[in-house]
Amino acid sequence: MGLARPALRPDPSLSRAEMEALQRDIAAAATFEDDHALDPAAVAVDEAASLADGLPPARDGAQERLGAGAGAESADASGSTGDPDAPTVVGVDQAFLTDRGEGRPDAAVSAAVALCGGRVIEYASATTPLSIPYVPGLLAFREGEPILAALDALDADPDLLVCDGSGRIHFREAGLATHVGVLHDVPSVGVAKSLLCGEPDESTSERPAGWRTPVRADDAVTTAEPGTVIGHAFQSRQYPNSRRVNPLYVSPGHRVSAETAVDLVAALCAGYKLPEPTRLADAHAERAKHDAE
DNA sequence: GCGACAG
DNA sequence: ATCTTGTCGC
């Protein structure tokens, strides 16, 4: 298993043609199948963290288990709350520092938040200068290194990565989540708030929470047969009387099937539009950003 | 040449 | 993504 693939790093100094070629290599190295036993039920988060009083403190699973012994409340071992044996899910997201004077972002503040049994066990972040502008389809070359830096700063060992952006829903089936998943050789899923390419089977408007439909490759996806299921549109949240929330676009990053990817994200959502790992990483990146300025 | 496109 | 007030609806 030839891991440690420095040749596949999202080096921003490459030419556009080289970046695209590298993405085809990334896609070829990626696996869009379940080659592990990641059970959506095992990673489920059943209670959303309240951000009203700031981010929840990171808890050590072992200490938590010992501490719980004192109370008489033990129990629901069937639940996911704080189970130290549950898989470690890591959410990654970024915020940007904008240069005073210039109107453009100057550096990326990447955050990684590790959850175990639905609870935060660790926060990490890294600030990295930005080297190239945002180009649709080449996001990983702008945000890849910053994200890898945040993951390097994390002690926890991820069983699943949840990235903010597409995975297989990409022109060359090599979105940000695929880059990061392949480089770490860890299962990963991409969660995007808008659709980069591909075509949903059904209209996505006015859908109730829990609804989903496959997203299939169209002509814009150059590496897959048109019609191939590359992800799903997933309505994670909806208000009772108005149907104004847009769906999420969930796709496999690496070592996960399109079906399992949505099931995992559905299990990681706890009442908000974004899955908890992403929501917490978002808040942590924002906090790190403000602490930096 | 025009369109269309994660963050 | 970021720059921002109020505003409508949970």
Side-chain angles (χ1 to χ4, degrees), chain A residues 10 12 16 19-20 23 26-27 48 50 52 91-111 127-147 150 161-181 188-200 204 208-209 215 217-222 230-234 236-253 261 265 271-275 278 281-286 288-290 292-293:
Chain A
R16 179 171 186 131
M19 291 183 186
E20 294 183 351
Q23 291 188 318
I26 292 280
S50 170
V92 292
D93 190 27
Q94 356 212 20
F96 296 86
L97 291 167
T98 300
D99 181 28
R100 295 283 193 183
E102 304 286 333
R104 64 185 165 72
D106 194 42
V109 178
S110 301
T127 298
T128 313
L130 291 170
S131 39
I132 66 171
Y134 164 66
V135 176
L138 299 178
L139 182 64
F141 293 90
R142 174 177 171 83
E143 303 191 353
E145 283 297 346
I147 287 175
L161 291 175
V162 181
C163 301
D164 63 315
S166 286
R168 195 183 184 184
I169 293 180
H170 180 273
F171 308 128
R172 293 165 291 279
E173 298 176 278
L176 182 63
T178 308
H179 279 252
V180 178
S188 66
V189 300
V191 178
K193 292 179 288 298
S194 59
L195 191 58
L196 176 60
C197 58
E199 187 67 33
T204 61
V215 170
D218 57 10
D219 294 334
V221 182
T222 62
I230 54 177
H232 290 82
F234 171 59
S236 56
R237 157 164 213 189
Q238 201 52 277
Y239 295 121
N241 289 324
S242 63
R243 333 251 84 172
R244 307 184 298 147
V245 180
N246 297 126
L248 295 176
Y249 296 92
V250 180
S251 59
V265 171
Y272 290 88
K273 172 170 181 172
L274 296 175
T278 306
D282 194 79
H284 184 228
E286 211 56 47
K289 171 187 171 178
H290 289 135
E293 44 179 35

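Side-chain atoms are counted along with the backbone in the values below, which use heavy atoms only and exclude waters and symmetry mates. Predicted model, so just to flag it, every value in this text is computed and none were measured. Chain letters run A, B, ... following the sequence lines, proteins first and then strands; every chain starts at 1.
- A donor-acceptor pair is defined here as one N or O able to donate and one able to accept, closer than 3.5 Å; no such pair exists between the side chain of A:Thr278 and the backbone of A:Gly91.
- Under the side chain to side chain contact (heavy atoms under 4.5 Å, CB included) rule, A:Tyr249 has a single partner from A:Leu196, A:Thr204, A:Val191, which is A:Thr204.
- The ring of A:Tyr134 does not lie on top of the base of C:dA1; it is either too far (5.5 Å or more) or too tilted (30° or more).
- Nearest-nucleotide assignment on DNA chain C puts the 5′-proximal partner with A:Glu286, out of A:Glu286 and A:Arg237.
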(request) Apply side chain to side chain contact (heavy atoms under 4.5 Å, CB included) to A:Thr222 and A:Arg172, showing your working. (result) CA-CA 6 Å; A:Thr222 62; A:Arg172 293 165 291 279; 3.8 Å; yes

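- A donor-acceptor contact shorter than 3.5 Å links the side chain of A:Gln23 to the backbone of A:Gly137.
- With hydrogens and angles disregarded, no donor-acceptor distance shorter than 3.5 Å links the side chain of A:Arg237 to the backbone of A:Tyr272.
- The nearest whole Å value for the distance from the CG atom in A:Leu196 to the P atom in B:dA6 is 6 Å.
- If you check every strand for non-hydrogen atoms under 4.0 Å, A:Ser194 touches sugar and phosphate atoms only.
- One atom, CZ of A:Arg172, and another, C1' of B:dA6, lie 12 Å apart when rounded to the nearest Å.
- A:Leu195 comes within 4.0 angstrom of the backbone, heavy atoms only, and of no base.
- Rounded to whole Å, atom P of C:dT2 lies 9 Å from atom NE2 of A:His290.
- If you measure from atom CZ of A:Phe171 to atom C1' of B:dG7, you get 13 Å, rounded to the nearest angstrom.
- Of the two residues near DNA chain C, A:Arg244 and A:Lys193, the one whose nearest nucleotide lies more 5' is A:Lys193.
- Taking every side-chain heavy atom of A:His170 into account, B:dA6 is the closest of C:dT2, C:dC10, B:dA6.
- Side-chain atoms of A:Gln238 come within 3.5 Å of backbone atoms of A:Arg244 as a donor-acceptor pair (strictly under, hydrogens ignored).
- Here A:Ala220 lies out of heavy-atom contact (under 4.0 Å) with every strand.
- As a whole-Å value, the separation of A:Leu176 CG from B:dA6 P is 13 Å.
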(request) Tell me, with the steps shown, if A:Val92 and A:Val180 meet side chain to side chain contact (heavy atoms under 4.5 Å, CB included). (result) CA-CA 10 Å; A:Val92 292; A:Val180 178; 5.8 Å; no

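- Distance A:Glu143 CD to B:dG7 C1': 5 Å, rounded to the nearest Å.
- Of the candidates C:dC10, C:dT2, B:dG7, the closest approach to any side-chain atom of A:Asp93 belongs to B:dG7.
- Using a 4.0 Å heavy-atom cutoff across all strands shown, A:Leu248 reaches no nucleic acid atom at all.
- Using a 4.0 Å heavy-atom criterion, one finds that A:Phe96 contacts the sugar-phosphate atoms exclusively.
- In this structure, CG in A:Leu195 is found 12.0 Å from CG in A:Leu248, a value given to the nearest 0.5 Å.
- Proximity of a side-chain donor or acceptor of A:Lys289 to a complementary backbone N or O of A:Phe96 within less than 3.5 Å is detected.
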(request) Whenever both distances are under 3.5 Å in a Watson-Crick or G-U wobble pair, mark it; put DNA chain B into dot-bracket that way, with [ ] for crossing pairs and | when the partner is on another strand. (result) .......

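- Atom NZ in A:Lys273 sits about 17 Å away from atom P in C:dC10, given to the nearest Å.
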(request) Toss me the dot-bracket line for DNA chain C: Watson-Crick and G-U wobble, both under 3.5 Å, 5' to 3', using | for pairs to another strand and [ ] for crossers. (result) ..........

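- Atom-to-atom, CD of A:Gln94 to P of B:dG7 comes out at 12 Å; the value is rounded to the nearest Å.
- Heavy atoms only, all atoms of each residue included: A:Lys273 and A:Ser236 are closest at O-OG, 2.6 Å.
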